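All remarks here apply to the structure that follows.
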There are 2 protein chains.
Amino acid sequence: MDERVPRDFETLRATILERRQSLPKRIAQIAAYALDNPDDIAFGTAASIAASAGVQPSTLIRFAQQLGFDGFTSLQLVFRERLRERNSSYDERLAALRAKAEEGAGHRAIFDGFVAAASTSLNDISGRLNEDHFEDAIALLAKAETIYVLAKRRSYPVASYIAYALGKLKIRNQLIESAAGLNAEMIGFASPRDAVIAISFSPYAPAAIEEARVISEQGVPIVAITDSSFSPLAQFAKVWFEVAEADFAGFRSLSATMALAMALTVAVGEKRSDSSRKRKA
Amino acid sequence: MDERVPRDFETLRATILERRQSLPKRIAQIAAYALDNPDDIAFGTAASIAASAGVQPSTLIRFAQQLGFDGFTSLQLVFRERLRERNSSYDERLAALRAKAEEGAGHRAIFDGFVAAASTSLNDISGRLNEDHFEDAIALLAKAETIYVLAKRRSYPVASYIAYALGKLKIRNQLIESAAGLNAEMIGFASPRDAVIAISFSPYAPAAIEEARVISEQGVPIVAITDSSFSPLAQFAKVWFEVAEADFAGFRSLSATMALAMALTVAVGEKRSDSSRKRKA
DNA sequence: TATGGATTGGAATTATTATTTCATATTACC
DNA sequence: GGTAATATGAAATAATAATTCCAATCCATA
């Protein structure tokens, strides 16, 4: 008997999808129902599930048996396990995954780790965002003529996404990145009527800090996204946000920073279109 | 009888904590267990839970009755409902937030929306990742001499983070981005001993697709991250991943793509150091 | 320290639920 | 179109689990 019983939901899902074609009508019907309503399978009784799926309880059991389980009960365990997994707190999972990855537990653990790190970061920031700072930052950026976006190295992807989004929203912006070393000149054009979004995390890229210093001395207001109040960026900034990103395998997640950056960008876009509408009226 | 039965987990929890003092010893024991191990209550049988908590099944029922339920079964429903809520909530919340933001419900809603979109995407991908494809992609990339990273526009931030991480891991890589229009030359150097990570989502940037086509015709294997099997990228790729990112306010999250990209990168780094260690031994 | 009330343990009972069985229907193949 | 194999429905049965009940124990109070 080659019949290997799926022990986790993903394997089960894959097995079902694979055999989909070769299943008899009623069995296929319940297979579809199972993938669409996994929660119902986890909690329902054989009778209730069968009724919801429009089949007989016995069909449900045959379905389980075809998959190699010895009955509905063992099939149900897989669906229950799935719910447990999902709900176990992300922090715990992250710790476990880090340990797993340390001892070389395969590549899947690495993937799970990055997902968990991202989720943890998002969880964290959603409770932490200071709404007043957020409004201040939006106000400040909304009235800028040009928004300069400043970030190096690890933070650079965020800056490039901000620049992309600002462009889409038709907000004049300038990404300070030039590989050709023209940053000094670029910065020179910035005036107090402009504004800067600066992003930097420990270890702070010296170039980013230096450029932030210069630009703030020109009187250009800075909105900073950084990781602590001790950050050198914080002292140059008019408004700053503290974002704690979880890391995995030495690389920090960017998900919380990205979410904040996008929210800022879109909110600024919205505020601008609001006020231009008012001006016309 | 003022006895109002708690219908949701939070009320239940509050009720238990409130009465904690006045509960008899064994009942208090199971009350503590219930709050510490809510999942066990949701999934277990009266007998198994009682055993884990070190009491008799009858005590468990008395506990339920003291809280106003008519038996263990009705108490258990509350614990089960809690698990369901948790899982379904992100999609629903996202829909609600979208509606809120539509009707102009302030900037906080925009932020929440982006966080929810990111969380949804992560949730989704963590269940969907095809492990075989993942391993194939890692194997393919690990043996490449140079890894080319190809992405335009919205996907570009991901590419730049990959390039950053590959650099940190001392893996030779080349970001195909050149604003100076030297892409054709850059691509020309790629050989079948190299590999490409290509990222593109609908609407696919024509330049990205075209470059992927050219480079695959040179026999360079491509690992693609895209959004559906109909993606033009998929046809050029040796291995491809489907990532469904939720969007908010017209901007899609990058969190799932980022997590996958980072996992790929780190896994490749790990595989390389493994095999070089073997070679030395 | 005796007494009544509350609490608890453990087994008996009842209810619920999964599984099996068998008759019937459907399908695929000759 | 007939026949065997397969699939399905429905009810009977077996298993499992919740609940109840009663005796034993504990605890507070007089």
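Residue numbers begin at 1 in each chain, while the letters A, B, ... track the order of the sequences. Small disclaimer: the values here were computed from a predicted structure and weren't measured.
Distance Leu23(A) CG to dT6(D) C1': 14 Å, rounded to the nearest Å. In this structure, Leu75(A) atom CG and dT17(C) atom P are separated by 18 Å, rounded to whole Å. Per the geometry, CD1 belonging to Ile41(B) stands 15 Å off C1' belonging to dA18(D), to the nearest Å. At whole-Å resolution of the value, CD1 in Ile30(A) and C1' in dG9(D) are 14 Å apart. One interatomic measurement links the two molecules: CD of Gln76(B) to C1' of dA17(D), which rounds to 11 Å at whole-angstrom precision. In this structure, NZ of Lys25(B) is placed 6 Å from P of dC27(D), rounded to the nearest angstrom. The distance between atom CZ of Phe72(A) and atom C1' of dA18(C), rounded to the nearest whole Å, is 9 Å.
Distance from the side chain of Thr45(A) is smallest for dT17(C) among the nucleotides dT20(C), dT19(D), dT17(C). Among the nucleotides dT20(C), dT8(D), dA18(D), the one closest to the side chain of Ile27(A) is dT8(D). When the nucleotides dT17(C), dT19(C), dT8(C) are ranked by their closest atom to the side chain of Arg62(B), dT8(C) comes out on top. When distances run from any side-chain atom of Thr73(B) to the nucleotides dA18(D), dA18(C), dT7(C), the shortest one goes to dA18(D). Distance from the side chain of Ser58(B) is smallest to dG9(C) among dT8(C), dG9(C), dA18(D).
Phosphate contact (OP1/OP2 of dT8(C), side-chain N/O of Gln56(B), threshold under 4.0 Å): absent. OP1 or OP2 of dT20(C) has at least one side-chain nitrogen or oxygen of Gln65(A) nearer than 4.0 Å.
Counting any heavy atom pair closer than 4.0 Å across all strands shown, Leu60(A) reaches no nucleic acid atom.
In this structure a side-chain-to-backbone donor-acceptor pair under 3.5 Å is present from Arg19(A) to Gln66(A). Side-chain atoms of Gln29(B) come within 3.5 Å of backbone atoms of Ala53(B) as a donor-acceptor pair (strictly under, hydrogens ignored). Here the side chain of Glu131(B) pairs no donor or acceptor atom with the backbone of Arg108(A) at under 3.5 angstrom. Using a distance-only test at 3.5 Å, with no hydrogens or angles considered, a donor-acceptor pair links the side chain of Thr226(B) to the main chain of Ser200(B).
The base of dA7(D) does not come close enough to the side chain of Thr59(A) for any donor and acceptor atom to sit less than 3.5 Å apart.
Ring planes of Phe43(A) and Phe43(B): parallel class, angle under 30° (limits at 30 and 60°).
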